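Take a look at the following structure, please.
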Amino acid sequence: MAHGEHRYRVEVEWTGNRGSGTSGYAAYGRDHLIRAEGKADIAGSSDPAFRGDPTRWNPEELLLASASACHKLWYLHLCAEAAVTVLEYVDRPEGTMVDGPGAGRFTSAVLRPGVVIAAGSDAGQARQLHHSAHEKCYIANSVNFPIRCEPTITVAAG
């Protein structure tokens, strides 16, 4: 595994100018495109509560998805090293954000990964590896709100 500094570059282009720019709060769209070289664009907007397009990804969903994906990637890595064979992994995380005058913030998130492991894999170890994955997760280590993990481990019929 590579150690050291890693840099990431993306482009976020606002596409919501409806002709008069930000001449008024209701005058502009919240739509934007998120791009990175060699990857498909992500259609973004704000949360519908903030005049956004509900068919596009909002930053809050992307933050929650990032935390979930980072945890999953560490978890699969640790399981592979520990000879715990994961056959399926589906997370349904939820985050809570409060908004106040002029600013909001996430107050918590919970990951709820449903994991199916192969017969013969250690279910106790599979559960414990979620704690290790959480400790290593780059995103969880970068945010200022708690992220809990409530995994469900199922052993496949052997």
Side-chain angles (χ1 to χ4, degrees), residues 1-14 30-119 121-156:
M1 177 175 287
H3 295 283
E5 184 175 270
H6 304 274
R7 294 187 182 268
Y8 302 91
R9 290 176 184 83
V10 299
E11 175 181 286
V12 179
E13 178 188 359
W14 173 53
R30 277 53 178 178
D31 293 357
H32 55 271
L33 292 174
I34 302 168
R35 297 186 181 107
E37 188 174 327
K39 299 178 184 182
D41 290 355
I42 297 172
S45 191
S46 63
D47 184 301
F50 307 110
R51 304 184 66 88
D53 181 341
T55 67
R56 291 172 164 248
W57 288 89
N58 65 56
E60 296 80 14
E61 292 167 328
L62 292 169
L63 177 62
L64 188 59
S66 293
S68 173
C70 186
H71 180 92
K72 183 245 333 159
L73 291 167
W74 269 111
Y75 182 74
L76 296 177
H77 172 109
L78 295 171
C79 285
E81 287 182 338
V84 172
T85 302
V86 175
L87 302 175
E88 296 175 30
Y89 186 111
V90 177
D91 191 8
R92 292 181 175 86
E94 292 183 40
T96 302
M97 186 184 84
V98 295
D99 62 334
R105 69 189 245 359
F106 268 79
T107 56
S108 66
V110 59
L111 309 180
R112 292 191 178 99
V115 180
V116 177
I117 59 174
S121 290
D122 183 333
Q125 186 177 27
R127 181 173 303 285
Q128 175 57 37
L129 288 173
H130 279 286
H131 297 289
S132 300
H134 180 71
E135 291 172 359
K136 293 181 176 295
C137 176
Y138 304 138
I139 305 299
N141 283 316
S142 300
V143 298
N144 67 352
F145 57 89
I147 299 176
R148 294 187 333 272
C149 186
E150 299 173 355
T152 302
I153 309 295
T154 304
V155 179

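Keep in mind the model is a prediction, meaning the values are calculated, not measured. We're numbering straight along the sequence, starting at 1.
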Indicate the atoms forming the closest heavy-atom contact of Leu129 with Ala82, along with that distance.
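What the structure gives for the nearest pair is CD1-CB, 3.9 Å.
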Who are the salt bridge (charged side-chain N to carboxylate O under 4.0 Å, His left out) partners of Glu5, not counting sequence neighbours?
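By the salt bridge (charged side-chain N to carboxylate O under 4.0 Å, His left out) rule, Glu5 matches Arg7.
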Taking atom types as modelled, is there a side-chain donor on Glu81 or His77 under 3.5 Å from an acceptor on the other?
yes
So Leu63 and Phe106, do their side chains get closer than 4.5 Å, heavy atoms only?
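The answer is yes, as the side chains (C-beta and beyond) meet within the 4.5 Å cut-off.
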About how many Å separate CZ of Phe50 and CG of Asn58, when rounded to the nearest 0.5 Å?
9.0 Å
Donor-acceptor under 3.5 Å (Asn141 side chain, Glu135 main chain):
yes
Please answer whether the main-chain N or O of Pro151 pairs with a side-chain N or O of Arg127 as donor and acceptor at a distance below 3.5 Å.
yes
Taking all atoms of both residues into account, what is the closest heavy-atom pair of Phe145 and Ala109, and its distance?
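Distance-wise, the nearest heavy atoms are CE1-CB, 3.8 Å.
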Which heavy atom of Cys137 sits nearest a heavy atom of Ala67, and at what distance?
SG-O, 4.2 Å
Heavy-atom pair of closest approach, residues Val155 and Ala123:
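Looking at all heavy atoms of both residues, the closest pair is CG2-CB, 4.0 Å.
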Assess the residue pair Val90 and Glu88 against the criterion (side chain to side chain contact (heavy atoms under 4.5 Å, CB included)); give the C-alpha distance rounded to whole Å, side-chain angles, the decisive distance to 0.1 Å, and a yes or no.
CA-CA 7 Å; Val90 177; Glu88 296 175 30; 5.6 Å; no
Side chain to side chain contact (heavy atoms under 4.5 Å, CB included) with Thr152: which residues, sequence neighbours excluded?
Thr154
Here's a test for you: under side chain to side chain donor-acceptor pair (under 3.5 Å), which of Lys136, His130, His134 qualifies with His71?
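For His71, the side chain to side chain donor-acceptor pair (under 3.5 Å) test succeeds with only one of Lys136, His130, His134, which is His130.
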Closest contact, heavy atoms only, Ala43 versus Leu33
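Between these two residues, the closest heavy atoms are CA-CD2, 4.1 Å.
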Is any side-chain heavy atom of Tyr75 closer than 4.5 Å to a side-chain heavy atom of Val86?
yes
Set of salt bridge (charged side-chain N to carboxylate O under 4.0 Å, His left out) partners for Asp91, sequence neighbours left out:
none
So, for Ser121 and Ala83, which heavy atoms are closest and what is the spacing to 0.1 Å?
OG-O, 4.1 Å
Rounded to the nearest 0.5 Å, the NE2 atom of His32 sits from the CG atom of Asp41 at a distance of 11.0 Å
To the nearest 0.5 Å, atom CG of Asp122 lies from atom OG1 of Thr85 at 11.5 Å
Using distance alone, with no hydrogens and no angle criterion, decide if Ser45 and Asp31 have a side-chain donor and acceptor under 3.5 Å apart.
yes
What's the separation between atom CD in Glu94 and atom CZ in Arg148, rounded to the nearest 0.5 Å?
9.5 Å
Rounded to the nearest 0.5 Å, how far apart are CG of Leu64 and CG of Leu111?
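Taking CG in Leu64 and CG in Leu111, the distance rounds to 7.5 Å.
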Atom CG in Leu78, atom CD in Gln125: separation rounded to 0.5 Å?
10.0 Å
